[in-house]
4 protein chains.
Amino acid sequence: MTTMTIKEKRTETASHILEVAKDVFAEQGFAGARVDEIARRAGVNKATLYYQIGDKKALYAEVIHNVLSNAAELGARAIEKAQTPEEKLRCYVRSIARTVDENPQMPPLMMREVASGGKNFPAEAARDLVQIVGILTNVLKEGHEKGVFIETTPFLIHMMVMGVIVLYKLSVPIRTNQPAFPEAIKKLDKNVSGAIAEEIEKLILRAVLKEVPRE
Amino acid sequence: MTTMTIKEKRTETASHILEVAKDVFAEQGFAGARVDEIARRAGVNKATLYYQIGDKKALYAEVIHNVLSNAAELGARAIEKAQTPEEKLRCYVRSIARTVDENPQMPPLMMREVASGGKNFPAEAARDLVQIVGILTNVLKEGHEKGVFIETTPFLIHMMVMGVIVLYKLSVPIRTNQPAFPEAIKKLDKNVSGAIAEEIEKLILRAVLKEVPRE
Amino acid sequence: MTTMTIKEKRTETASHILEVAKDVFAEQGFAGARVDEIARRAGVNKATLYYQIGDKKALYAEVIHNVLSNAAELGARAIEKAQTPEEKLRCYVRSIARTVDENPQMPPLMMREVASGGKNFPAEAARDLVQIVGILTNVLKEGHEKGVFIETTPFLIHMMVMGVIVLYKLSVPIRTNQPAFPEAIKKLDKNVSGAIAEEIEKLILRAVLKEVPRE
Amino acid sequence: MTTMTIKEKRTETASHILEVAKDVFAEQGFAGARVDEIARRAGVNKATLYYQIGDKKALYAEVIHNVLSNAAELGARAIEKAQTPEEKLRCYVRSIARTVDENPQMPPLMMREVASGGKNFPAEAARDLVQIVGILTNVLKEGHEKGVFIETTPFLIHMMVMGVIVLYKLSVPIRTNQPAFPEAIKKLDKNVSGAIAEEIEKLILRAVLKEVPRE
DNA sequence: GATGAATGAGCGTTCATTCAT
DNA sequence: TATGAATGAACGCTCATTCAT
């Protein structure tokens, strides 16, 4: 299943431009991205880009919003079928891991955005983010109320989950290309959604479960 | 008291320029930083900057290397006095939290760098990074050998620790400025090295300890 | 009631576009005018504008010609009923003053055009201009032949009449908006066709009449 | 005596750029002028232009101010030696005519500026303008108080004097190049400061003098 | 007759970098 | 060692114009 993040309201041209812009902003960041390059890679004239979407900031805002609202939607849907808080937490972690693998532009976009202090962060996207955090918060609260999770700062757990997944994913190029890294690290999985996600699930659960199943 | 990261071999002018450059690169990223601004904020002529250090890339490389080698050194020193693996892990987390609070430029610099896939990552800095990862790897191995830690993928734990701390720290401006965030999140501590670091220690230990101390 | 300067041969759409174009060219000049703005203010698509009239230069040429031929016609008609040269001169001045008040786009269009050295001046419009100058020339010649006017350079008198009227009218925004101007000037009439035109008549007549009526 | 309008405070490069800018703005107007062309004709890089002076607006403002303050100074100096109001008025007209002939950029600059309603008119320049108007106002007042001039609206006389001179000068290219104009007009003097200025002097004086010397 | 979409060329501006002093 | 001045190359954006429908 390919990710379809671009709104259907947009014309085909606009959707295509936004898809390319997502790539370029992910690769180069806002300041590093070149409107020329986005237009060229989208196969359209620069003026068309302005006609269809607007200036660089508008382009960026729309990309960020698309990515985050998509993530929020997937996160919410992921825990729908799960019953217990424990199961919900597992599903949530797996969902984020899968989202990251399927939308490889998300980690760099997110990281650059937070690194910049949200300088270009559109208010719309902030709401998406709050929604994502909210999902996990509810799961953790429910687990604590039911006596299976210890008391935690949900936002911190969220940073932990997001942090590992995103950072692990982002580390791929550096640990692969830099000769200084040892073989053991170099040959770690390039995807997060498989065995790595399972280990993360286990670690997070061990961290928050009152009774940890000893192995 | 701020940490002194700039090498003493450099002239005073050069050190000062590098200190300013660290701020500017942290605030704006490599592409967003302006050589003009660095020179202006350093109170020197642009030509002086080129004479003393070199071009923008050289400036950036030196900043990154200074920051990372400093972090590596602090990380290594942190666990020196600790005896048990558990204690070492605690010290390590606390050390990173403190480093982050005292060097607020580190998180944005690191995150942008990994987000870019290490495009401008100097080989020197990669060695610093490997060293930092190595510290934690050894602690985790020792703990596992001594039977107190479960078996883990040390690199993943490293991503976890770094991920939480750095992401938590970086989230401050966004969660503070964006009205969409709930009060509960807005009023969380702006520093990591206090209560937050303690909770992180606890969570990480619960995740890796074979026998978790029940509360 | 505004003067209807646009030819009837044109479709209603074209006439409307030309009317709007007259405004925009008057406000912004040829180089400053935007085809987009003309189309928008006319409520038509840009392509329609090109279909109906042609490119920017064609649009401009037609506007200039309309304005000048209108002025020429009004000038000629103004002196029709007058008998003596003196009366004709009075009527002529009054006619130009009225034309200027009723067609506020004329002064800026004319002035920018002469300021540019007639770079975009269509030959048609030049003929209109010659006709306007011709009217006054005849009056002055007649007056001189009849012994009531001194000998003059008619073209210079024409520049004088046009100069005062047009410059006076054009000075309104500057002398009104710029705080540096004294109150006495600020509160001068914004129209030329009333008391101001009368004073101009008087001054011009005093300048060219052999026998000036002492007051 | 060549006109030295550019301030001595400026570097030679800046003065040269401003001199060229004066030409280009006079030829093309603000909107029509191209920064590229100014730089090219000045023989400097575009970036130098921004380094030395600033953006297009700043460039324009400085040009306008230079031209007007120069005119104001010359106007004031012109009537210094004259004794009677009549003589002062003559000198004033002659001074403006000479200024216009020696600074051929002034008429187009002025006319375009008033035609635009002073859209880009710098406040500094407005003060220069008020000063110029003030000179003539004083002469006319003095003449009226001494009983030699009739009562007039000084600002209107100013528009008249400026109007003829500037319009006459500006009409040169059109009346020369457009075939529609009759020979009599084509062969009129291209300068204002000779016989034309004398005729203007005569006309203006006849207009305002109580007792006109009959010829 | 009218329009949404597209475009090449160019615009004003800024960038990192160099050079003469 | 330090700087004011200069620059080529780009950058984000807008322009007048065209074309398929």
Side-chain angles (χ1 to χ4, degrees), chain A residues 11-14 17 28 30-40 42-60, chain B residues 11-14 17 30-39 42-60, chain C residues 11-14 17 30-39 42-60, chain D residues 10-14 17 30-40 42-60:
Chain A
T11 68
E12 214 171 314
T13 309
I17 291 169
Q28 324 272 2
F30 181 79
R34 299 295 161 228
V35 176
D36 269 67
E37 189 184 354
I38 297 174
R40 186 174 44 74
V44 300
N45 187 280
K46 248 190 305 179
T48 299
L49 190 155
Y50 282 87
Y51 175 74
Q52 290 282 357
I53 290 151
D55 66 10
K56 199 185 180 186
K57 270 184 107 93
L59 201 50
Y60 183 74
Chain B
T11 68
E12 212 172 316
T13 309
I17 291 169
F30 180 78
R34 301 289 165 237
V35 175
D36 265 78
E37 188 184 354
I38 296 174
V44 302
N45 187 280
K46 252 190 302 180
T48 303
L49 187 153
Y50 277 83
Y51 176 78
Q52 289 279 0
I53 290 151
D55 66 10
K56 198 184 179 186
K57 272 184 107 96
L59 202 48
Y60 183 73
Chain C
T11 68
E12 211 172 316
T13 310
I17 292 170
F30 180 78
R34 300 292 165 235
V35 176
D36 265 80
E37 188 184 354
I38 297 174
V44 300
N45 186 279
K46 253 191 299 180
T48 302
L49 188 154
Y50 277 82
Y51 177 78
Q52 289 279 359
I53 290 152
D55 67 9
K56 199 184 179 186
K57 273 185 106 97
L59 203 47
Y60 183 74
Chain D
R10 288 295 199 178
T11 68
E12 211 170 317
T13 309
I17 291 169
F30 180 79
R34 299 295 160 230
V35 176
D36 269 70
E37 188 183 354
I38 296 174
R40 186 176 43 75
V44 301
N45 186 281
K46 252 191 300 180
T48 299
L49 189 153
Y50 280 86
Y51 175 75
Q52 289 282 358
I53 290 150
D55 65 11
K56 198 185 180 185
K57 270 183 106 93
L59 200 49
Y60 183 73

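Naming: A, B, ... by sequence-line order, numbering from 1 per chain.
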> Which comes earlier along DNA chain E counting from the 5' end, the contact point of C:G43 or that of A:T13, where each point is its nearest nucleotide?
Replying inline: C:G43

Check residues 42-53 of chain C and write down every donor-acceptor pair under 3.5 Å in which the side-chain atom is one partner and the other belongs to a residue at least two apart or another chain.
| residue | atom | partner | partner atom | Å |
| --- | --- | --- | --- | --- |
| C:N45 | OD1 | C:A47 | N | 2.7 |
| C:K46 | NZ | C:D36 | OD1 | 3.0 |
| C:Q52 | OE1 | C:T11 | OG1 | 3.2 |

>> Check this one for me: any side-chain N or O of C:N45 less than 4.0 Å away from OP1 or OP2 of E:dG4?
In response: yes

>> Using the side chain to side chain contact (heavy atoms under 4.5 Å, CB included) criterion, which residues pair with D:R34? Sequence neighbours excluded.
In response: D:E37, D:K56

> Under the side chain to side chain contact (heavy atoms under 4.5 Å, CB included) test, which residues partner B:A31, sequence neighbours left out?
Replying inline: A:A31

>> Using a 3.5 Å limit for the pairing distances, which stems of at least 3 consecutive Watson-Crick or G-U wobble pairs does DNA chain E take part in?
In response: E:2-21 with F:2-21

>> Just the rounded figure in Å: distance from C1' of E:dT7 to OH of A:Y51.
In response: 12 Å

Review item, nucleotides 10-12 of chain E N/O atoms under 3.5 Å of protein N/O:
| residue | atom | partner | partner atom | Å |
| --- | --- | --- | --- | --- |
| E:dC11 | OP1 | D:R34 | NE | 3.3 |
| E:dG12 | OP1 | D:A33 | O | 3.1 |
| E:dG12 | OP1 | D:R34 | NH1 | 3.4 |
| E:dG12 | OP1 | D:K56 | NZ | 3.0 |
| E:dG12 | OP2 | D:V35 | N | 3.0 |

>> For a 4.0 angstrom threshold against heavy atoms of chain C, report the outermost contacting nucleotides of DNA chain F in 5' to 3' order.
In response: F:dC15 to F:dC19

> Which heavy atom in D:I38 sits nearest to a heavy atom in D:L59, and how many Å separate them?
Replying inline: CD1-CD2, 3.9 Å

> Taking for each residue the nucleotide of DNA chain F bearing the nearest heavy atom, is the 5' side occupied by B:T48 or by A:K57?
Replying inline: B:T48

